[in-house]
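Presented below is the structure to which this report refers.
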Amino acid sequence: MSAKVIGAGAFVVIGALLFTAALFLIGERRMLFDDRFELYTEFAKLGQLEVGAVVRVAGMDAGEVTEVIVPASPADKFRVRMEVRDNLHQLVRTDSIASVQTEGLVGGIFLSIATGSEGAPVVPEKGTIPGREPFVLADVLEQASETFEQVAMTVDKISGDLETTIARVEVATKDAHQLFIDITPQIKSIAENGSRMSADTRQVIAGIQAGEGTLGKLIKDDTLYVRAREVADEAQVAMANVRQVSDEARRAIADFRSEDGPAKGMFAHVRVTLGQTRDVVANMADVTEAMKHNFLLRGFFNRRGYFDLDAISPAQYRAGVLENGKRKAMRIWLGSPVLFQTAASGAEELTDDGRARIDAAITTFLEHLPTSPLVIEGYASDGSEGDRYRVSRQRAGIVREYVLGRFGLTANNTGYIALAGNAVASPSGDHWDGVALTLFIDLEDLKFVPQPRSAGVPAVVSTKVISK
Amino acid sequence: MVERTGLAILAFLGWVGEVSLFGLRAMREAFRPPFEFAEITRQLYEVGWRSAPLIATSGFSIGVVLSMHTRASLERFGAEAMIPAGLTIALIRETGPLVTALLVSGRVGAGIGAELGAMKVTEQIDALEAVAVDSFKYLAVTRIIACILALPILTTITNVCGILGGYLAETSISGMSLELYFSRAFAVVEFSDLIPSTLKTMVFGMIIGTVACYLGFTTTQGTEGVGRTSTRSVVMSSILIILANVVLVRLIFFLFPPV
């Protein structure tokens with residue numbers, strides 16, 4: 001074999017080996033011969049990151065960016081796929097941060113992955129780790145430019161305001177200067193007056209110190225002091241007197257309160273006075289009573305409802321002595337079987353049903369009470385004439401007491417009278433056994449109100465206006 | 001003047017057409033038997049192996065010079081660490097292929113042109129035809145194939161020697177280790193940088209071989225014509241290589257977009 005053939009073969013082999021070595025170096029740099037795992041991260045801005053960029057884990061070359069997936073919408077982020085050497089997989093945790101960085105001032109862009117925390121799990125195959133947005137110098141310069149513009153605008157504004165302020169201060173200074181010039185004579189005058197006042201004051205003080213004038217005497221003369229001491233002494237004596245008087249008054253009050261004191265006599269006088277007053281009142285009552293019966297004043301008292309049932313006989317009452325042309329009697333008849341029951345003592349007392357019927361009857365009269373007089377008429381139909389009178393009076397008294405206590409009526413306007421058994425206009429004819437509630441009312445005020453009837457109320461109870 | 005310019009353009013276009021047909025014929029004949037492997041090997045030895053020292057030396061020198069120039073530029077920015085990567089990417093992408101092609105064009109193109117031109121004027125080619133040897137296939141196709149095969153290998157040698165020269169220049173200044181240097185040198189190199197730029201030199205080899213062979217086969221006017229052929233071979237090959245490089249770079253960028 002010739003040397004030329006060997007040379008040619010060597011040439012080809014050497015060339016092929018060198019070319020292969022170059023390919024191997026490139027492949028080694030791109031870690032084509034290492035086991036790798038796939039990883040993702042996301043960025044809103046790529047920061048010039050491109051496919052093929054080196055990926056470094058904790059500063060160590062670990063792989064390369066294999067794909068940049070463009071987001072579907074502005075709200076989404078760029079999704080960067082990378083392949084990292086498998087022997088660094090345990091360093092990449094779920095909390096590892098990926099960031100786009102520049103290698104030096106003119107170096108290439110690479111993707112740096114910081115190792116995660118010890119407690120975080122290892123990121124799975126095809127997992128996604130969070131990405132930190134790249135530091136873009138252009139954005140910073142743009143923000144700085146905007147800031148500078150705002151600062152310049154602010155400075156211009158402040159400069160304008162400052163010039164205006166300075167101009168105003170200058171004007172104010174001029175005004176103040178002019179004002180000072182204008183008031184200078186007045187200030188001088190004030191100063192002269194002050195000086196003069198000071199001299200006068202000095203002179204007055206000197207006079208006071210010399211004991212001249214009232215104030216000077218007050219200060220220099222001790223007469224006033226002596227007088228003041230005397231007044232104080234007198235005041236002390238006066239206070240002693242007051243104290244003595246007070247003690248005497250205290251003793252007098254004690255005597256006054258004691259059994260043997262002078263108050264005993266005063267209370268005796270008071271008793272006498274009260275007795276005399278009672279007599280006067282009694283006399284006045286007699287006079288009034290007399291006036292009621294005086295034919296000149298009787299009409300007045302009758303119209304006002306003042307009359308004495310004790311002074312009226314049953315016959316007069318039945319004859320209508322309490323009625324006149326305008327005033328008429330309105331009666332509500334209540335039978336004794338309903339009203340009364342016999343107590344253990346033998347006396348009669350109101351039943352519950354009887355109280356309810358009295359309440360219902362008085363309700364009819366309420367609109368005219370207490371301006372109109374109410375008379376409880378007592379009736380009894382059994383026994384002798386005397387028994388009938390006694391029983392009828394008891395019945396009328398029982399009912400009156402109940403009405404007074406129940407409805408709070410005035411005793412002067414609520415009377416009762418015993419009419420035995422003779423009741424001409426009663427529901428049962430000429431006699432009645434029970435009571436009649438009689439209201440003497442002016443016809444002008446008469447307003448008949450039908451008595452409400454409740455269930456179970458016997459028919460013996462009736463209401464009717466009796467007029468003569 | 002216009003007529004003369006027009007005639008010159010027409011003459012150039014006619015010459016380009018003839019060269020292109022010559023090259024297409026060579027490609028067609030390359031795949032037709034008989035295959036002249038022995039002659040191809042001999043031409044590969046002549047074109048490749050004999051050119052290796054020149055290429056290696058040139059590549060090494062270029063690496064040293066590029067390293068020094070790159071350092072002078074990058075150290076202003078404090079980016080001395082980028083020197084290996086910058087030098088390597090410059091060599092692999094453009095400097096290595098183009099310098100190699102121009103050197104081969106000067107050495108091999110001139111030699112092929114002169115050799116074939118001399119054979120033409122001395123009627124040795126006619127003698128081969130007389131003994132039933134396909135002179136085109138034996139003389140032209142084998143040389144063109146040798147050039148096509150040798151150029152990528154020579155380019156690789158240029159690149160490697162250039163990187164080594166850059167390393168020596170860098171380590172003499174910074175004391176950088178060989179491992180770190182190569183690590184940084186290939187940190188930014190991609191397959192798309194190495195493979196297309198290396199394979200494009202096959203086109204350069206075809207240009208060199210085709211132009212030289214065509215000019216040799218068309219040499220006239222005796223020994224004077226041989227010298228002229230030699231000169232024209234270098235000139236025309238270089239021009240076409242530079243022009244073709246523009247088109248190829250554009251094509252490579254289209255097929256392999258730069259990152």
Side-chain angles (χ1 to χ4, degrees), chain A residues 1-34 46 48-56 59-68 80 82-83 100-111 137, chain B residues 37-52 55-56 59 73-74 76-82 85-86 88 91-92 96 146 149-161 163-164 182-195 197-199 257-259:
Chain A
M1 187 175 291
S2 67
K4 290 183 180 179
V5 175
I6 295 173
F11 172 74
V12 173
V13 169
I14 290 172
L17 287 176
L18 292 176
F19 190 75
T20 304
L23 293 176
F24 180 80
L25 287 174
I26 296 173
E28 179 67 17
R29 199 271 301 167
R30 297 189 62 176
M31 298 162 195
L32 297 178
F33 311 110
D34 295 323
L46 279 179
Q48 299 180 337
L49 183 69
E50 295 175 330
V51 174
V54 175
V55 177
R56 290 177 178 165
M60 184 176 185
D61 286 352
E64 64 177 353
V65 174
T66 55
E67 186 180 8
V68 175
V80 177
M82 66 194 105
E83 292 182 351
V100 179
Q101 296 186 2
T102 305
E103 192 173 16
L105 187 60
V106 293
I109 303 295
F110 68 96
L111 188 63
L137 190 61
Chain B
F37 289 114
E39 183 61 18
I40 292 173
T41 303
R42 195 181 70 85
Q43 291 300 325
L44 190 61
Y45 171 80
E46 293 291 337
V47 174
W49 182 258
R50 296 288 296 274
S51 300
I55 296 299
S73 300
L74 293 181
R76 298 176 183 175
F77 306 102
E80 293 92 337
M82 296 296 296
T88 303
L91 271 175
I92 290 177
L149 294 177
L151 254 297
I153 298 173
L154 291 173
T155 299
T156 302
I157 293 173
T158 302
N159 292 338
V160 172
C161 291
I163 293 170
L164 288 174
F182 269 84
S183 173
R184 289 184 176 177
F186 285 89
V188 295
V189 179
E190 301 291 342
F191 292 121
S192 60
D193 296 321
L194 177 64
I195 296 174
S197 60
T198 302
L199 295 182
V259 176

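Naming: A, B, ... by sequence-line order, numbering from 1 per chain.
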remark   = Rounding to 0.5 Å, atoms CG (A:L18) and OG1 (B:T155) come to a distance of 12.0 Å
B:V47, part contacting chain A, at a heavy-atom distance under 4.5 Å = neither
remark   = The reported gap from CD1 in B:I163 to CG in A:L25 (rounded to nearest 0.5 angstrom) is 8.5 Å
note = Minimal heavy-atom distance between B:W49 and A:A10, with the atoms involved, is CZ3-CB, 3.8 Å
ask   = For B:Q43, is it the side chain, the backbone, both or neither that has a heavy atom under 4.5 Å from a heavy atom of chain A?
value = neither
message = For a 4.5 angstrom cut-off between non-hydrogen side-chain atoms, does B:I153 reach A:V12?
response = yes
key: For B:T156 against A:F19, the heavy-atom pair lying closest together   = CG2-N, 3.4 Å
query = Is chain A contacted by the side chain of B:I92, its backbone, both, or neither, given a heavy-atom distance below 4.5 Å?
reply = neither
request  = Answer with side chain, backbone, both or neither: which region of B:A81 has an atom nearer than 4.5 Å to a non-hydrogen atom of chain A?
outcome  = neither
query = Who wins among B:A150, B:P152, B:A185 for the most heavy-atom pairs under 4.5 Å with chain A?
reply = B:A150
ask   = Counting only heavy atoms not in A:E28, do more than 12 fall under 6.0 Å of its CD?
value = yes
note = Okay, B:V160 and chain A: the region with an atom under 4.5 Å from a heavy atom over there is side chain
query = What part of B:L154 lies closer than 4.5 angstrom to a heavy atom of chain A: side chain, backbone, both or neither?
reply = both
query = Taking all atoms of both residues into account, what is the closest heavy-atom pair of B:T41 and A:V5, and its distance?
reply = CG2-CA, 3.7 Å
